Structures are given as structure tokens and as C-alpha cells.
Visitor: 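Attaching a single structure in C-alpha cells format; questions to follow.
For reference, positions follow the sequence shown, starting with 1. Hydrogens, waters and symmetry mates play no part in the numbers below; they use all other heavy atoms, side chains included. Quick caveat: nothing in here was measured; it's all calculated off a predicted structure.
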Amino acid sequence: MIVRTTTEITDTDRDIVAENGNWRSKRIILGGDKVGFSLHETVIKAGTVNEFHYANHVEAVWLISGEGTLLDRETGQEYPLGPDTMYLLNGHERHTVTATTELRMYCVFNPPVVGNETHDENGVYPLVTVED
């Protein structure tokens with residue numbers, strides 16, 4: 001059984017801030033927890049445009065609060081984001097998240113993230129194997 005709070009993750013190696021300061025992600029569950037997925041609470045700053053690509057992961061996102069847009073950079077299709085919106089990146093889509101207001105979301109990755117990576121536009125991650 002794993003029991004932890006996001007408060008105890010704050011300011012640890014599981015609390016990741018993007019190099020550009022646009023987002024912060026608390027890694028609640030990682031690959032090392034050996035449950036087959038990772039779970040992150042992510043907050044994206046208002047007024048920011050953020051490009052992401054996950055070549056090695058499927059990601060499900062549930063937006064808790066805030067408003068913005070999701071752009072599929074491969075198709076050009078744009079989707080509104082608001083509270084209770086869910087989106088699934090099951091084709092390794094290159095995407096852009098624009099935060100009109102601060103966005104707070106929970107993200108589930110499969111296979112699980114195993115460390116404190118930041119998002120790599122080339123989709124290259126050193127984290128598809130679990131380290132003990």
C-alpha cells in the first residue's frame with residue numbers, strides 16, 4: 001500500500017519545475033513504485049504556451065481547474081480545455097497546451113515515468129526501464 005500527499009512531495013526530487021518556469025509537476029507515483037503507471041499533479045501557468053511530445057508514453061489527462069486550449073500539432077485540430085475535460089494522447093501526438101487561466105490537472109502515464117525528466121520535444125526519454 002502506498003499513501004502519500006502532494007504536500008510531502010513539495011520541494012523534493014518528485015517536485016519538478018520546467019526550465020522555463022511555465023509548469024510544475026508533482027510526481028505522486030513513479031515507475032519505482034512498481035504499479036505499472038505514473039501519476040502526476042501538474043499546474044501550468046496562466047498566459048503560457050507549452051509544446052509537449054511523448055514518444056514513449058500514452059498519457060491520460062484530467063483537467064481539474066482552469067481554461068485553455070489543446071492543439072494537435074499534427075492535425076491542426078484545437079480543443080477547448082475547461083474543468084472536468086479529459087484528453088488521451090494515445091498516438092504519441094505532438095501537442096500544444098495554451099493556458100488562458102492557470103490549469104491544474106492530473107496526468108497518468110503508461111509506461112510509467114521513472115524519474116524527474118522534463119519534457120523533451122524530440123520525445124526521447126531515459127525512463128522506460130524501472131530502476132530499483
Visitor: For Gly36 and Pro112, which heavy atoms make the closest approach, and how far apart are they?
Guide: O-CD, 3.7 Å

Visitor: Mind checking whether Tyr87 and Tyr79 have side chains closer than 4.5 Å, heavy atoms only?
Guide: no

Visitor: Would you say Leu88 ends up clustered with Leu39 if hydrophobic residues are merged whenever their side chains have heavy atoms under 4.5 Å apart, either directly or through other cluster members?
Guide: no

Visitor: For residues Leu81 and Phe52: do they belong to one hydrophobic cluster (side chain heavy atoms under 4.5 Å, members Ile, Leu, Val, Met, Phe, Trp, Tyr)?
Guide: yes

Visitor: To the nearest 0.5 Å, tell me how far Ile29 CD1 sits from Phe109 CZ.
Guide: 13.0 Å

Visitor: Check whether any side-chain heavy atom of Val108 lies under 4.5 Å from a side-chain heavy atom of Asn110, and answer yes or no.
Guide: no

Visitor: Suppose we screen for side-chain contact (heavy atoms from CB on, under 4.5 Å). Which residues come up paired with Thr6, at least two apart in sequence or across chains?
Guide: Lys26, Ile28, Glu41

Visitor: Any donor-acceptor pair under 3.5 Å linking the side chain of His95 with the backbone of Leu71?
Guide: no

Visitor: Between Ser25 and Ile16, is there a donor-acceptor pair closer than 3.5 Å when you use the side chain of the first and the backbone of the second?
Guide: no

Visitor: Which residues satisfy the salt bridge (charged side-chain N to carboxylate O under 4.0 Å, His left out) test with Asp84, sequence neighbours excluded?
Guide: none

Visitor: Kindly write out the residues that satisfy salt bridge (charged side-chain N to carboxylate O under 4.0 Å, His left out) with Asp15, not counting sequence neighbours, or none if the list is empty.
Guide: Arg24

Visitor: Hey, could you give me the SG/OH distance between Cys107 and Tyr54, rounded to the nearest 0.5 Å?
Guide: 6.5 Å

Visitor: Quick one: do Val35 and Ile9 end up in the same hydrophobic cluster if we chain Ile, Leu, Val, Met, Phe, Trp and Tyr together by side-chain heavy atoms under 4.5 Å apart?
Guide: yes

Visitor: Any chance you could measure Thr85, atom OG1, to Leu70, atom CG, to the nearest 0.5 Å?
Guide: 9.5 Å

Visitor: Give, for atom OG1 of Thr48 and atom CG of Leu103, the distance between the pair rounded to the nearest 0.5 Å.
Guide: 7.5 Å

Visitor: So, taking the atom named OH in Tyr106 and the one named OG1 in Thr42, what distance separates them when rounded to the nearest 0.5 Å?
Guide: 10.0 Å

Visitor: Looking only at heavy atoms, what is the nearest atom pair of Leu30 and His40, with distance?
Guide: CD2-NE2, 4.3 Å

Visitor: Nearest 0.5 angstrom please: Arg4 CZ to Asp33 CG, how far?
Guide: 4.5 Å

Visitor: Quick one, Glu93 and Thr75 - any side-chain contact, counting heavy atoms below 4.5 Å?
Guide: no

Visitor: What pair of heavy atoms forms the shortest contact from Pro83 to Ser65, and how long is it?
Guide: CG-CA, 4.3 Å

Visitor: Can any side-chain N or O of Glu74 pair as donor or acceptor with the backbone N or O of Arg94 at less than 3.5 Å?
Guide: yes

